[in-house]
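Residues: numbered from 1 along the sequence shown. From a predicted model like this one, the values you see are computed outputs, not experimental measurements. One-based numbering, in listed order, for ligands and for the atoms of each.
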Amino acid sequence: MRERPAAVGGEDLKRRLGDQLAPVPDLRVGGLRRFHYICSMPDVSVVADLDLDRIDLGDLDLWDDGPPHEVFSRLRREAPVHWSPLAEYPHEGGFWSLTRAEDLHRVSLDWQTFSSFVGGIMVLDDFGIPLEGQQQMMISMDPPRHDRIKALFQRGFTPKRIAEHEERIRAIVNRVLDRVATRGECDLVTDVAGPVVSRVIGSFIGTPEAEDQRHVEETNLVLGFGDEDLRPTEEAVVEVMRRNWDETMELVAERRANPGMDDLLDVLVHSEIDGEGLSESEIFMGLGLLGAAGNDSTRSVFTSGMLGLLENRDQLALLLADPGLIEGAVEELLRMYPAFAHFRRTATRDVELHGKTIREGDKVLLWYVASNRDESVYEDPQRLDVTRRPDHQAFGAGGRHFCLGAALARLEIKLLVGETLRRFPDLELAGEPARARSLFLNQLKTMPVRFTPEAG
Ligand code: HEM
């Protein structure tokens, strides 16, 4: 189902490829319904002579089978700065897409021209959290305020603190795997990845385990705009924000009264730079950001990565035969299946790029799902290769906003993949996984698997 290159084409494509093509349901491109065909030959597909100007990357139908990698290849080659009207949300205006690794890098470094603050970092201005609220999160700030806040949060994410968590995380992973081990089947997203990553980030921040499942659902709700399972109602977002504000303020008051608790909240409440600490709203939105980033991202890469391995049994076999490959494999899974398809910037002035004029105020999307498969950087970029040990842009393309949780995420993915394969080496798919319907979340909602049960 996923990571199958989505070939988009018309009748001439059908004529040219004849029997190689298997028809699949039609697909909307640039607001038009067209037929599209997927080549039945492995790893070969063709995007027909589509008019690139008419492709709307904001059309969710284009994403049904995962990121439209064939379209991205053409954009990298022929239209490295591309405009999409975002017709699905007419009141939002369109966006520019950048897809080449080098361009993402340049733009990420140039925060003066490409701001995270001016319009936030989501494709939608209005995704349920007002811009002023978003701007209390470091991810939606520019320097110098960004750097001050990040430095405070970094005190909670030192390599030493992360390394100390290794055995704790391994224990969490195994405790969750214990729950499903004798069943011989489970859903890898909801039974394994969700409970593990929510407990890891919960214990790191200092929230009680009883709240974990609720935090998973809230993260889905806030980030899952566009998907009716993840965000069934719009009103719920406001309700969640209101309730969490009250709860966070209680926790903050508790930490102020009892300093010295060994968790991130304690660090955040008591840290200062030049005599200045974090405001209540900075703590609240900052924790929200960590909770959301922590709950969503690692879960996505682990489950998409496991699916990738199950679909590429030769790569799975390599990893099973040599667990020493795991650290390189984690990087390759991050490259192939970055948790977030893109983040946004907003142009602060008119700027020329590859012959196109990006106007002040325009939205610019940095597509990590595309830059991580840039042919000028990677040989055979669409192929999963656990021996590759790549550099990639899954954690950002350089610059100030490089992911704060990268070390924690790497450790979690390593332990999740490593322990799952150690205990369930014959894991296989037991049904069709379901993808989130989203331009932003590159993730699975469900992934049924089976394996030989462990003795009870
Ligand atoms: C596989 C897992 C993860 C991926 C793929 C990922 C990806 C990213 C990316 C691409 C950015 C850059 C955003 C931008 O340029 O605008 C980012 C920033 C950030 N991430 Fe992650 N992330 C992951 C895990 C985590 C975890 C586990 C945490 C926290 C515990 C976290 C916290 C953050 C924070 C706070 C920022 C903002 C940093 C800043 O603005 O300076 N991330 N992440």
Side-chain angles (χ1 to χ4, degrees), residues 98 104-105 107-111 114-123 134-154 156-157 161-162 165 169 193 196-207 215 219 223 263-264 268 282 285-305 330-346 364-369 371-372 392-414 416-417 440-443:
L98 303 185
L104 264 73
H105 183 59
V107 164
S108 297
L109 291 177
D110 186 1
W111 56 266
F114 298 99
S115 167
S116 297
F117 176 80
V118 170
I121 40 78
M122 292 301 205
V123 61
Q134 297 175 45
Q135 287 166 336
Q136 301 301 312
M137 297 188 278
M138 75 183 95
I139 202 165
S140 303
M141 291 178 193
D142 293 330
R145 185 168 167 231
H146 165 269
D147 298 0
R148 183 180 72 84
I149 306 278
K150 190 168 193 174
L152 286 176
F153 274 79
Q154 264 163 341
F157 281 81
R161 264 182 84 85
I162 308 264
H165 271 68
I169 297 173
V196 168
V197 304
S198 59
R199 182 67 324 243
V200 171
I201 194 66
S203 65
F204 209 76
I205 293 176
T207 52
H215 290 149
T219 302
L223 298 180
D263 56 37
L264 186 73
L268 296 182
E282 284 167 347
M285 290 306 289
L287 287 177
L289 171 63
L290 291 184
N295 263 306
D296 221 292
S297 54
T298 323
R299 181 180 64 185
S300 310
V301 178
F302 164 61
T303 49
S304 300
V330 168
E331 300 309 312
E332 176 68 347
L333 298 183
L334 282 158
R335 181 187 77 81
M336 288 288 286
Y337 316 111
F340 305 117
H342 67 262
F343 275 109
R344 162 187 169 184
R345 300 292 185 265
T346 305
V364 179
L365 299 199
L366 312 181
W367 288 104
Y368 309 112
V369 279
S371 65
N372 275 351
H392 54 74
Q393 297 183 337
F395 290 126
R400 300 290 225 277
H401 290 282
F402 186 80
C403 176
L404 180 75
L408 181 63
R410 287 185 159 115
L411 181 59
E412 276 185 80
I413 299 166
K414 181 179 93 171
L416 269 162
V417 173
F440 173 64
L441 299 174
N442 184 24
Q443 71 169 237

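- For the pair Ala394 and ligand 1, a heavy-atom separation below 4.0 Å is found.
- Of all protein heavy atoms, the one closest to atom 12 (C) of ligand 1 is His401 O, 3.3 Å.
- The N/O atoms of Thr298, backbone and side chain alike, include none that comes under 3.5 Å of an N/O atom in ligand 1.
- For the salt bridge (Lys or Arg N to Asp or Glu O under 4.0 Å) test, residues two or more places apart in sequence or in another chain that qualify with Arg161 are Asp262.
- Within the structure, ligand 1 lacks Arg344 among the residues with a heavy atom less than 4.0 angstrom away.
- Under 4.0 Å from ligand 1, the heavy atoms of Ile201 that appear belong solely to its side chain.
- Side chain of Asn295 to main chain of Gly291: a donor-acceptor pair is present (N/O by atom type, distance under 3.5 Å, no hydrogens or angles).
- For the ring pair (Phe, Tyr, Trp, His ring centres under 6.0 Å) test, residues two or more places apart in sequence or in another chain that qualify with His165 are Phe204.
- Assignment of Arg345 to the shell around ligand 1 is supported, since a heavy atom sits closer than 4.0 Å.
- Residue-level proximity to ligand 1 for His146 is carried by the side chain, the only part with a heavy atom below 4.0 angstrom.
- Remark: the backbone N or O of Asn372 is paired with a side-chain donor or acceptor of Arg335 at under 3.5 angstrom.
- The protein heavy atom nearest to atom 13 (C) of ligand 1 is Phe343 CD1, 3.3 Å.
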### Message
side chain to side chain donor-acceptor pair (under 3.5 Å), that's the test. Do Asp296 and Thr219 meet it? Break it down for me.
### Response
CA-CA 7 Å; Asp296 221 292; Thr219 302; 5.5 Å; no
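- In this structure, the side chain of Arg344 engages the main chain of Gly119 through a donor-acceptor pair within 3.5 Å.
- Checked by atom type and distance alone, the side chain of His215 never pairs as donor or acceptor with a backbone atom of Arg199 at under 3.5 Å.
- Of the heavy atoms in Lys150, only side-chain atoms (C-beta onward) come closer than 4.0 Å to ligand 1.
- Of the protein's heavy atoms, Gly294 CA, 3.8 Å lies nearest to atom 27 (C) of ligand 1.
- Between Phe157 and ligand 1 there is a heavy-atom distance shorter than 4.0 Å.
- Using a 4.0 Å heavy-atom cutoff, Val197 is absent from the residues neighbouring ligand 1.
- In terms of protein heavy-atom proximity, atom 29 (C) of ligand 1 is nearest to Leu290 CD2, 3.8 Å.
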### Message
Determine whether His146 and Ser116 satisfy the following criterion, side chain to side chain donor-acceptor pair (under 3.5 Å), listing intermediate values before the conclusion.
### Response
CA-CA 10 Å; His146 165 269; Ser116 297; over 6 Å; no
### Task
Start with the C-alpha distance between Lys150 and Met141, add both sets of side-chain angles, then the distance that settles side-chain contact (heavy atoms from CB on, under 4.5 Å), and finish with yes or no.
CA-CA 10 Å; Lys150 190 168 193 174; Met141 291 178 193; over 6 Å; no
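- Note: Ile169 CD1 to Ser203 OG = 7.5 Å, rounded to the nearest 0.5 Å.
- The distance cut-off of 2.8 Å around atom 21 (Fe) of ligand 1 captures these protein N, O or S atoms, sorted by chain and number: Cys403 SG.
- Listed by chain and number, the residues in a ring pair (Phe, Tyr, Trp, His ring centres under 6.0 Å) with Tyr368 amount to none (sequence neighbours excluded).
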